[in-house]
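Every chain is numbered from 1, with letters handed out A, B, ... down the list of sequences.
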Protein chains: 4
Amino acid sequence: MTSKKKEKYQLIVEAALKVIAEHGYHNAQVSRIAKEAGVADGTIYLYFKNKEDILISVFREKLGELIGRFHSSISESPTAEEAIRRMCRIHYSELENNVPLAYVTQIELRQSNLELRHAIGDVVKTYIHLIEQVLRRGVEEGSFRPDLDVKLTRLLLFGAMDEAVTSWLISGRKYSLSDQVEGTVEFFLRGLKA
Amino acid sequence: MTSKKKEKYQLIVEAALKVIAEHGYHNAQVSRIAKEAGVADGTIYLYFKNKEDILISVFREKLGELIGRFHSSISESPTAEEAIRRMCRIHYSELENNVPLAYVTQIELRQSNLELRHAIGDVVKTYIHLIEQVLRRGVEEGSFRPDLDVKLTRLLLFGAMDEAVTSWLISGRKYSLSDQVEGTVEFFLRGLKA
Amino acid sequence: MTSKKKEKYQLIVEAALKVIAEHGYHNAQVSRIAKEAGVADGTIYLYFKNKEDILISVFREKLGELIGRFHSSISESPTAEEAIRRMCRIHYSELENNVPLAYVTQIELRQSNLELRHAIGDVVKTYIHLIEQVLRRGVEEGSFRPDLDVKLTRLLLFGAMDEAVTSWLISGRKYSLSDQVEGTVEFFLRGLKA
Amino acid sequence: MTSKKKEKYQLIVEAALKVIAEHGYHNAQVSRIAKEAGVADGTIYLYFKNKEDILISVFREKLGELIGRFHSSISESPTAEEAIRRMCRIHYSELENNVPLAYVTQIELRQSNLELRHAIGDVVKTYIHLIEQVLRRGVEEGSFRPDLDVKLTRLLLFGAMDEAVTSWLISGRKYSLSDQVEGTVEFFLRGLKA
DNA sequence: TATGAATGAGCGTTCATTCAT
DNA sequence: AATGAATGAACGCTCATTCAT
């Protein structure tokens, strides 16, 4: 039963992602998500508190996976410098290879109300903490500037990458996002290095 | 008469800014804006095509002023390096000194629909072009790296500052944003310098 | 379930007829119709596309019944002359015996917009085609003039009866409409007979 | 001054006719009529009580002229039969030669509310009385049936002609309305003659 | 007389959520 | 657990009319 419950929960999350990606946030009615998931409207409310809860779950589930990948990749990196490089590579390539997810997280879900944005903030915070860890490691290793303001810099890195992805999407994905990894990392490392 | 017309237009724009800042984008009903401006609902439509037109105007008017200040300040800078410094200082201090504006531009208006977001995008684009100009100037001056990818870097700079401001707001403005200018500029210039 | 759905559909159509008859076309708000039908406003839209769709349905449903009665009565008539007589009798008596329907079809629904009027026109067209058939039959039977312009005459008959009904309504129904059948038919037949 | 007043009054009536003919009843806003007439919105209310008053005036003024023409033509007719013929000829030809007027009176103004329809009814009543006079004359002359129900028949004649005109308009005026005079009169006279 | 900026009442429709089955 | 018919609150916009100038 628990696994079945999980299954339907996942079914609805996937359906929500697909519907938002296809029709946009403002056309992602609960009934549409239910239809896409192959369940009745009312069934949604057996698994989610309300509509917002679905959207938060989409973000948490999908970005959770992404952040998991960061974690393992980063912890395996021999140096902080390499960790920064891998982080950016994963950030760009994962979103480039999953356009619907990119579209939903970068564009659509940002049109949501404050409560959802706070929830999204929590997920993003996890990622930002991860960046911070890498920065601290770099300082400790001696490869990054000892006077680095890690609290500030973690935001600058995240904001920079985030904007790079959003611009790539809005431009219509006319160029390769992965090709921007080198330029981005070069800029970051010069700013970070001791 | 023209000045009176201008007055009422401005009155409504200011009212909209205030209402969105106080009640949030999704609670900024036209009737509420009208009430705040001290005019009848119908009067709004003598000055604006529709609700969206009000919001776009808020953005354009308010950010227009801001970008104007960037322009003059940057063109007067003796060096590209100094231009970057001034740009970041204005970006942070202007928003820090106008919290409602910061709140509306960073948080509330991003919840809007696609058409408004496109309009906002146009204003932001102006700013990003300005950043690009500074970068080119720095390369020409020889103070910035000759191999700098200006198309990419302008986004990284904008995204980094944008995120710094948003985080400061969401944190509840518990610290000084202006105090972050030095750290930000230090990071940028190391990444840019030849 | 199907019958229940039918029931609610009919409930709303009847409510609309009653509301329009009582309050007039311009005061027949959707919320009023919903209230009269004993359903929520939103329920209306489970059965009708929009307000206009309700009104068209009122016309179609109600006049559809009427025209059905014409059909059977006319086809059973032994002669075209008798068909004309029955047609007029049904036309007058049915509307005389259903004043709300008469009021709505003759007065209120004619105040509607073009799209609805077109829809109404389609229903009326059916009736006019029926008249035409009777006229052709009379010509074939030899009882009506062989040189009769059926395309024109069908309009004259319909217009004449329509005006007789409307005048009777506007006069406040101070006289019997059924009593006018003889005079009307007499006039028609003299105009038609060979 | 009186003539000037009359002038502006006429100006507005003509403008209203034109606007309704061009844009339809539901798009004939007061401000549009004012613009067409070359006066300010407020000026309208110096000459008319309200919007309805304008529309009633359009009908009264324009149909008044028409009925005046009926009057003279009919009174000059040597026989009642000829009067019927002339009446129908004028009815059809005047409207055929003034399509905007036909369109406004037959289609657009009928979408109006009850009060206006009552006012229109008054104008039409004048016409119907005229028809009645002709019928009485025919009976007195002995050319029309002595048992003719004039109260009823006047409606039948008016309704028949009215429908003929409306159908011609709705059909897109693909045929000549004047060509229908003979068929119409033939039908009428057979119905009327002793 | 004439203006036209300002008014504000009025309404069709959507959709997240509920609940009887 | 699952259904889906029913709910009803919420809101942008139009336009006839007014009135200060």
Side-chain angles (χ1 to χ4, degrees), chain A residues 1 4-5 7-8 26-35 37-55, chain B residues 1 4-5 7-9 11-12 26-35 37-55, chain C residues 1 4-5 7-9 12 26-35 37-55, chain D residues 1 4-5 8 26-35 37-55:
Chain A
M1 226 37 151
K4 256 205 167 163
K5 199 159 188 171
E7 273 174 34
K8 202 154 274 190
H26 288 289
N27 284 310
Q29 293 90 346
V30 171
S31 60
R32 200 167 231 166
I33 294 170
K35 199 175 181 184
V39 301
D41 293 18
T43 305
I44 297 270
Y45 291 86
L46 298 173
Y47 297 90
F48 298 89
K49 210 175 76 222
N50 50 32
K51 183 181 178 180
E52 195 161 58
D53 193 24
I54 310 173
L55 304 180
Chain B
M1 222 44 144
K4 260 212 164 152
K5 205 157 186 173
E7 275 172 33
K8 202 151 273 188
Y9 174 91
L11 210 60
I12 295 167
H26 288 290
N27 284 311
Q29 295 90 343
V30 170
S31 60
R32 202 168 228 163
I33 295 171
K35 200 174 181 180
V39 300
D41 291 21
T43 305
I44 297 272
Y45 293 89
L46 296 176
Y47 297 90
F48 300 89
K49 213 175 72 222
N50 50 33
K51 183 182 177 179
E52 195 163 56
D53 192 25
I54 310 173
L55 305 179
Chain C
M1 225 41 145
K4 260 213 165 156
K5 203 157 187 173
E7 274 172 34
K8 203 151 273 189
Y9 174 89
I12 294 167
H26 289 289
N27 284 310
Q29 295 90 342
V30 171
S31 60
R32 201 168 230 163
I33 294 171
K35 200 173 182 183
V39 301
D41 291 19
T43 305
I44 297 270
Y45 292 87
L46 297 175
Y47 298 91
F48 300 89
K49 213 175 71 223
N50 49 32
K51 184 182 176 180
E52 194 163 55
D53 192 26
I54 311 173
L55 304 180
Chain D
M1 225 41 151
K4 255 202 167 166
K5 199 158 188 171
K8 203 154 271 189
H26 288 289
N27 284 311
Q29 294 89 345
V30 171
S31 61
R32 202 168 230 166
I33 295 171
K35 199 175 181 184
V39 301
D41 292 21
T43 305
I44 297 270
Y45 291 87
L46 297 174
Y47 296 90
F48 299 88
K49 210 175 75 220
N50 50 32
K51 182 180 179 180
E52 196 163 56
D53 192 24
I54 311 174
L55 304 180

What pairs of nitrogen or oxygen atoms, one from the protein and one from nucleotides 8-10 of chain F, lie under 3.5 Å apart?
unit_1 : atom_1 : unit_2  : atom_2 : d
F/dG8  : N7     : C/Gly42 : N      : 3.1

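Per the geometry, CG belonging to D/Leu55 stands 12 Å off C1' belonging to F/dA16, to the nearest Å. Atom CZ in B/Phe48 sits roughly 12 Å away from atom P in E/dA6 (whole-Å rounding). Rounded to an integer number of Å, the gap from A/Ile44 CD1 to E/dT18 P is 13 Å. The interatomic distance linking B/Lys8 (NZ) with E/dA5 (C1') rounds to 8 Å, in whole Å. Protein atom OH of A/Tyr47 is 12 Å distant from nucleotide atom C1' of F/dT3, rounded to whole Å. One can place NE2 of C/His26 at 12 Å from P of E/dG12, the figure rounded to the nearest angstrom. For the pair A/Lys35 NZ and F/dA5 C1', the computed distance is 16 Å after rounding to whole Å. Regarding A/Ile33, its CD1 atom lies at a distance of 17 Å from the P atom of F/dG4, rounded to whole Å.
Contact annotation for C/Val30: base contact, defined as any heavy-atom pair under 4.0 Å involving a base atom.
Considering only residues two or more places apart in sequence or on other chains, A/Asn50 meets the side-chain contact (heavy atoms from CB on, under 4.5 Å) condition with A/Glu52, A/Asp53. Residues passing the ring-ring contact (aromatic ring centres under 6.0 Å, His included) test with C/Phe48, sequence neighbours excluded: C/Tyr9.
Closest heavy-atom contact between D/His26 and D/Gln29: O-NE2, 4.4 Å.
Between the CG atom of D/Asp41 and the OH atom of D/Tyr45 there is a distance of 8.0 Å, given to the nearest 0.5 Å. Atom NZ in A/Lys8 sits 9.0 Å away from atom CG in A/Leu46 (nearest 0.5 Å). Separating the CD1 atom in B/Ile44 from the CD1 atom in B/Ile33 is a distance of 6.0 Å, to the nearest 0.5 Å.
Between the P atoms of E/dT1 and F/dT21, the separation comes to 22 Å (whole Å).
Remark: DNA chain F forms stems of 3 or more consecutive Watson-Crick or G-U wobble pairs, all pair distances under 3.5 Å, at E:2-21 with F:2-21.
Relative to the side chain of B/Leu46, the nucleotides F/dT17, F/dA2, E/dA6 differ in distance, and E/dA6 lies closest. Residue B/Lys51 has its side chain nearest to F/dC13 when only E/dT13, F/dA6, F/dC13 are considered.
No side-chain heavy atom of A/Lys35 sits under 4.5 Å from any side-chain heavy atom of A/Arg32.
Looking at which nucleotide of DNA chain E each of A/Lys49 and C/Tyr45 is closest to, the 5′-most match is held by C/Tyr45. Projected onto DNA chain E by closest heavy-atom contact, D/Gly38 and C/Asn27 fall at different nucleotides, the more 5' of which corresponds to D/Gly38.
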